[in-house]
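Comments concern the structure below.
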Amino acid sequence: MATPRSGLEELTIEVGPYRYDALAAGPQGGDFVLLLHGWPEFASSWTEELHALADAGYRAVAVDQRGYSPGARPPEISDYAVEHLVDDALAFADAQGASRFHLVAHDWGGLVAWALASAHPERLKSLSVLATPHPRALREAAKADPGQYHRLDYVRFFRRPDHAAEAALLADGAARLRRAYDGRIPDHLVESNIRRLSRPGALTPTLNWYRAVDDDLTTPGDRITVPTLYIWGSEDGALGREAAHATGEFIDAPYRFVPLEGASHWLPEEVPDQVIPPILEHLATHTR
């Protein structure tokens, strides 16, 4: 079913006991592309990319992931460990009949993507990650660079066991949550995200992604043997230059790094006109 707002199909993907909401575009027989969003975003963050992929003949699906879909909100923090998020992503592709696929991811979705690519390279035709450096590059940068260490202070705040993060983010009409977007993305997406995350019980499961890792956002990720595109914005407030430039050291496959000067963290929504061309080029180069 097409949605009047975006012209995209609305899907429900069932994985075990959970039901995930998704947006899709493109011909059913097209090469499959799975898109994973970050925090605090939803599948709608990929609206422009979904349309572009469809126009290029791909079958593209972006999913409201675990904790974001109302039908997929397990109660325990351990339910949000990265291995479960990776299993979800593989199940999304399985549900669409894709034994191999292209993976495009942003922010937290990027950490899931790095883990998936290192553990299951046989499932991927290509990997494209926006903003999030390879987890080992990030971990080493956080150890060596006090600036990068303190860029992750928000992670330590989100992980506090007293749920102070929820209270702070939603206070005063979710003013602090709204400020997280730094005025970089369209107002209609901000307001939609705020509305959905302000509903009772909606914000906590998204923050449980952070509570299931450690204070330095350490997640699985070994060497990558999948053709990889990495796009990073020079004004990213959370993920600095050192880790971005070091990411290529962990790729044992064709690799392209695209730094976008002046762009911030919110690449899919902020500068779709700059991220779509390299993504399409990368996918077209690695279709087999």
Side-chain angles (χ1 to χ4, degrees), residues 1-47 49-51 53-54 58-117 119-120 122-125 127 192-193 195-197 199-209 211-212 219-220 268:
M1 177 186 301
T3 63
R5 178 182 56 79
S6 65
L8 300 172
E9 301 168 45
E10 292 182 333
L11 305 180
T12 299
I13 301 174
E14 296 191 12
V15 178
Y18 305 123
R19 294 168 59 86
Y20 294 85
D21 301 324
L23 297 174
Q28 289 288 347
D31 218 7
F32 184 67
V33 184
L34 176 65
L35 300 99
L36 303 178
H37 65 80
W39 184 91
E41 299 165 299
F42 294 85
S44 55
S45 66
W46 296 110
T47 296
E49 288 78 6
L50 287 167
H51 284 299
L53 288 164
Y58 295 96
R59 177 61 175 173
V61 175
V63 184
D64 290 344
Q65 295 179 83
R66 181 176 294 227
Y68 293 82
S69 287
R73 290 177 176 160
E76 302 299 328
I77 290 174
S78 59
D79 292 323
Y80 297 87
V82 172
E83 57 264 31
H84 298 311
L85 307 175
V86 168
D87 288 344
D88 285 346
L90 293 172
F92 300 152
D94 292 342
Q96 304 302 303
S99 59
R100 296 183 69 236
F101 58 98
H102 301 281
L103 182 58
V104 180
H106 172 240
D107 184 71
W108 241 116
L111 291 174
V112 176
W114 290 120
L116 189 157
H120 304 279
E122 74 285 353
R123 295 297 306 270
L124 297 184
K125 296 182 178 182
L127 173 66
S192 175
N193 292 351
R195 182 175 62 255
R196 296 174 71 179
L197 292 169
R199 292 170 181 160
L203 185 57
T204 293
T206 75
L207 294 174
N208 282 344
W209 288 46
R211 293 166 180 148
T219 60

Atom pair CG (Leu90) and CG (Leu85), whose distance is rounded to the nearest 0.5 Å: 11.0 Å

Atom pair CG (Leu53) and CG (Leu35), whose distance is rounded to the nearest 0.5 Å: 6.0 Å

Distance in Å, Asp79 CG paired with Asn208 CG, rounded so as to fall on 0.5 Å steps: 8.5 Å

Criterion ring pair (Phe, Tyr, Trp, His ring centres under 6.0 Å) against Tyr68, the qualifying member of Trp108, Trp209, Tyr80: Trp209

Pair Thr12-Ser69, side chain to side chain contact (heavy atoms under 4.5 Å, CB included): steps then yes or no: CA-CA 10 Å; Thr12 299; Ser69 287; over 6 Å; no

Main-chain N/O of Asp64 paired with His37 side-chain donor or acceptor, under 3.5 Å: no

Nearest non-hydrogen partners of Leu34 and Ala89, listed with the distance: CD2-O, 3.5 Å

Rounded distance [0.5 Å steps], OG1 in Thr206 versus CG in Leu203: 4.5 Å

Euclidean distance, Thr219 OG1 relative to Leu111 CG, rounded to 0.5 Å: 4.0 Å

Heavy-atom closest pair, residues Leu8 and His51: CD2-CE1, 3.5 Å

Least distance between heavy atoms, Ala212 atom then Ala81 atom: CB-N, 3.8 Å

From CA spacing to verdict: side chain to side chain contact (heavy atoms under 4.5 Å, CB included), Leu207, Arg211: CA-CA 7 Å; Leu207 294 174; Arg211 293 166 180 148; 3.7 Å; yes

Where Ala115 and Val86 come nearest, the two heavy atoms and their spacing: CB-CG2, 3.8 Å

Heavy-atom closest contact (Ala202 atom, Leu197 atom, distance): CB-O, 3.8 Å

Would you tabulate the side-chain donor-acceptor contacts of residues 15-28 under 3.5 Å, counting partners in other chains and residues two or more places apart, or write 'none'?
residue : atom : partner : partner atom : Å
Arg19   : NH1  : Glu14   : OE2          : 2.7
Tyr20   : OH   : Asp88   : OD1          : 3.2
Tyr20   : OH   : Asp88   : OD2          : 3.1

Distance (rounded to the nearest 0.5 Å) between Leu103 CG and Trp114 CH2: 10.5 Å

Residues forming a side-chain hydrogen bond (donor to acceptor under 3.5 Å, both in side chains) with Asp31, sequence neighbours excluded: His102, Lys125

Short N-O contact, Arg123 and Asp94, less than 4.0 angstrom: yes

Where Gln96 and Leu11 come nearest, the two heavy atoms and their spacing: OE1-CD1, 4.3 Å

Residues that Arg73 engages under salt bridge (charged side-chain N to carboxylate O under 4.0 Å, His left out), provided they are two or more places apart: none

